[in-house]
Q: 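Structure incoming, see below.
Residue numbers start from 1 in every chain, and the chains themselves are labelled A, B, ... in the order their sequence lines are given, proteins ahead of strands.
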Amino acid sequence: MTSSNVMSSFVTMSETVFSSAATADEVDASLRMDEDAFRAFYERTARPVWAYLMRLTGDPHTADDLLQEAYYRFYRAAANHESESHRRNSLFRIATNLARDLGRHKRRHPEGEMPADAADRHVHGSQLENRTDLKRAMAHLKPEQQELLWLAYGQGFSHDEIAGVIGVKRGDVKTLLYRTRQKLAGLLRKGGWTRG
Amino acid sequence: VADTTCPRETELLDVISAGRTPDGELANHLDACSGCNDLFTVAAAILDDRNAAIHEANIPPSGAIWWRMQMRAYYDAQRTASRTATVVQAVVLLGALLVAGAILGRQTLVTAFTAITRIPLAPWSIPLAVAIALLAIVTPAVLWVAMADGKAERRGQKAEGASL
């Protein structure tokens, strides 16, 4: 079964970090979420959300599919968000839940492993080695731990925001983050990771 | 497990986020502080990975995404409307069958009811009671479904208008 088949069966079964260039006007307009606002919001957030989904799923094609599903569910929810960051967090929460649902679906319906370099298209040399190291090390973590680290260090989310996105108590984020970071650092050192 | 964080973590994260390598006094601190060392290893690896992933992301244009969403919303609304119509039809058919059964079997039902409760009933009282009960239950349900249906349809029309 190909990844797109997995995605389509998954979908039938069952949803940027602020660009520093975004002006206050753009942000105000995006709170209204008509076509222009949606498109501006998408332009600001799609790449970071895709990167997040790619790391959680390990497959660019699955990340492509989940990205579209996440925006559709976000749009259909038509929720009133009090701020742009609230809206962004809501999108990341949807993306997180989609990746978790897909992970559960894959565990219930196991299939062949993805090729090791599937997530590393267009990347070569030491950068590829480092990404493969990180991928291997991250594979030893639980999905929730991967989400935690990525949101904290990849997206720069605050502890409050992380708690909202992954559904844990705010007070637990600091401890979880510390322990998970320690574990991943050990795994990376063991794998010989060095900054390229 | 101690989970105290070092006060220099924010400073270190700023350096990593800027794509720089800690130098001078911060580099010395990194060698001495295991927490900051872990933070540097993990945050640098994740940031490098994220930057590479963002660079390689081949995301569809926002216009295409918007159009696909409108089309999908339209077809979803149509599917919802068709499903609710089927539910209403099934409920009405079931109600009609119940009333018909009560009419046809009214004599037997009245006899059985009188035998059990010893309350005399007129022959048409049971079909009438069934019809009234069905009206009381089904009417609000059908109204609710019709309203939900209308809402879905309006959403679909809006989506269709936007996609044209």
Q: Side chain, backbone, both or neither: which part of B:Leu39 has a heavy atom under 4.5 Å from chain A?
A: both
Q: Could you tell me which non-hydrogen atom of B:Ser62 sits nearest to which non-hydrogen atom of A:Glu43, and how far apart they are?
A: OG-OE2, 2.9 Å
Q: If you group Ile, Leu, Val, Met, Phe, Trp and Tyr by side-chain heavy-atom gaps below 4.5 Å, do B:Leu97 and B:Val138 land in one group?
A: no
Q: Any ion pair linking A:Arg179 and B:Asp38 (charged N to carboxylate O, less than 4.0 Å)?
A: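 No.
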Q: Between A:Gly154 and B:Leu47, what is the shortest heavy-atom contact and its length?
A: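 That would be O-CD2, 4.3 Å.
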Q: Please tell me if the side chains of B:Asn58 and A:Trp50 come closer than 4.5 Å, counting only heavy atoms from C-beta onward.
A: no
Q: Where is the tightest heavy-atom contact between B:Ile59 and A:Ala46, given as atom of each residue plus distance?
A: CD1-CB, 3.4 Å
Q: Spell out, yes or no, whether B:Leu121 and B:Leu128 are grouped together once hydrophobic residues are joined by side-chain heavy atoms under 4.5 Å, including indirect joins.
A: no
Q: Describe, in one word, how the ring planes of B:Trp66 and A:Phe38 are oriented to each other, choosing from parallel (under 30°), tilted (30 to 60°) and perpendicular (over 60°).
A: tilted
Q: Do B:Ile137 and B:Val92 land in one hydrophobic cluster if side-chain heavy atoms of ILVMFWY residues count as linked below 4.5 Å?
A: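 No, because B:Ile137 and B:Val92 fall into different hydrophobic clusters, even though each may have its own neighbours under 4.5 Å.
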Q: Measure from the side-chain N and O atoms of A:Arg47 to the backbone N and O of B:Ala57, and report whether any donor-acceptor pair falls under 3.5 Å.
A: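 Answer holds: yes.
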Q: Mind checking the CZ-CD spacing from B:Arg72 to A:Gln68? Nearest 0.5 Å is all I need.
A: 9.0 Å
Q: How long is the gap from CZ on B:Arg68 to OH on A:Tyr71, to the nearest 0.5 Å?
A: 13.5 Å
Q: Given heavy-atom pairs under 4.5 angstrom as the criterion, report whether the side chain, backbone, both or neither of A:Leu67 touches chain B.
A: side chain
Q: Only pairs of heavy atoms separated by less than 4.5 Å count here; which of B:Asp76, B:Asn37, B:Ile54 has the most with chain A?
A: B:Ile54
Q: First locate atom CG of B:Asp48, then atom CG of A:Leu134, and finally report the distance between them rounded to the nearest 0.5 Å.
A: 9.0 Å
Q: Please examine the side chains of B:Arg50 and A:Gln155, heavy atoms only from C-beta on, and report whether any two atoms are closer than 4.5 Å.
A: yes
Q: For B:Val42 versus A:Ala185, what's the shortest heavy-atom pair and its separation?
A: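 Distance-wise, the nearest heavy atoms are CG2-N, 3.6 Å.
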Q: Is B:Pro60 close to chain A through its backbone or its side chain, or both, or neither, when contacts mean heavy atoms under 4.5 Å?
A: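 For B:Pro60, backbone and side chain are both near chain A.
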Q: Do B:Ile126 and B:Ile119 land in one hydrophobic cluster if side-chain heavy atoms of ILVMFWY residues count as linked below 4.5 Å?
A: yes
Q: Could you tell me whether the side chain of B:Trp67 reaches within less than 4.5 Å of the side chain of A:Glu35, counting heavy atoms only?
A: no
Q: Do B:Leu109 and B:Leu104 share a hydrophobic cluster (ILVMFWY, side-chain heavy atoms under 4.5 Å, transitive)?
A: no
Q: Distance check, rounded to the nearest 0.5 Å: B:Thr41 atom OG1 versus A:Leu188 atom CG?
A: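 Rounded to the nearest 0.5 Å, the OG1-CG separation comes out at 7.0 Å.
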Q: Where is the tightest heavy-atom contact between A:Trp150 and B:Asp49, given as atom of each residue plus distance?
A: CZ3-OD2, 3.3 Å
